[in-house]
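So the structure is just underneath, and the comments pick up after that.
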Amino acid sequence: MKYDLLQVAGMILLAVAGQGLVRLLLDHQDLGLLRNLPGGFAATLTVHAVVTVAGALLAGWSHGRAKALGRRR
């Protein structure tokens with residue numbers, strides 16, 4: 001159950017940050033939820049990229065752990 005919740009959390013992070021990353025790349029002025037972050041476009045882009053990768057890694061890792069326990073095929 002723990003790995004299921006971690007996988008869902010990773011997928012949510014991936015979806016939200018990935019959407020924000022694409023939106024930011026298309027419209028540099030729309031900083032979204034991170035508009036108050038010091039550093040402007042570069043800092044916001046970096047945070048979105050890091051959270052996107054972290055979400056993908058978390059979802060993949062938790063899926064692998066659940067698979068090792070026999071909960072996935």
Side-chain angles (χ1 to χ4, degrees):
M1 183 69 171
K2 170 175 67 171
Y3 296 117
D4 297 332
L5 293 175
L6 286 174
Q7 187 175 3
V8 169
M11 290 186 293
I12 290 171
L13 283 174
L14 177 63
V16 171
Q19 176 269 336
L21 182 63
V22 170
R23 180 187 34 78
L24 184 62
L25 289 173
L26 294 177
D27 183 9
H28 298 307
Q29 300 302 316
D30 185 11
L31 300 179
L33 294 174
L34 302 176
R35 65 184 159 269
N36 295 326
L37 185 69
F41 173 74
T44 305
L45 183 68
T46 303
V47 169
H48 276 293
V50 167
V51 173
T52 300
V53 170
L57 290 174
L58 178 62
W61 174 81
S62 58
H63 177 75
R65 293 294 301 158
K67 191 173 183 178
L69 293 174
R71 295 183 54 119
R72 304 275 190 277
R73 292 188 217 192

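These numbers come from the heavy atoms of this one structure, side chains and all, not from hydrogens, waters or symmetry mates. Here the structure is a predicted model, which is why all the values come from computation and not from measurement.
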Check: Is any side-chain heavy atom of L25 closer than 4.5 Å to a side-chain heavy atom of L45?
Finding: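 L25 vs L45: side chains touch.
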Notebook entry, point to check: In terms of heavy-atom contacts, does CG of L33 have more than 12 from other residues, nucleotides or ligands at under 6.0 Å?
Noted result: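 Open.
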Under 4.5 Å between side-chain heavy atoms, hopping through other hydrophobics if needed: is there a path connecting [X] to [Y]?
X   : Y   : result
L31 : L21 : yes
L69 : L58 : yes
L37 : V16 : no

Next item on the list: Quick one: which residue pairs count as a ring-ring contact (aromatic ring centres under 6.0 Å, His included) with a foot in residues 3-60, not counting sequence neighbours?
Entry: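 Listed once each, the pairs are Y3-W61, H28-F41.
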Looking only at non-hydrogen atoms, find the nearest pair between [X] and [Y] and report the distance.
X   : Y   : answer
T52 : L14 : O-CD1, 3.5 Å
L34 : V47 : CD1-CG1, 3.5 Å
P38 : A43 : O-CB, 3.5 Å

Next item on the list: Kindly state each residue pair satisfying salt bridge (charged side-chain N to carboxylate O under 4.0 Å, His left out) with at least one member in residues 17-36, sequence neighbours excluded.
Entry: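 The answer is R23-D30.
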Checklist line | Connected hydrophobic set around M1, excluding itself, where side chains approach under 4.5 Å | finding: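 M1 clusters with nothing; isolated.
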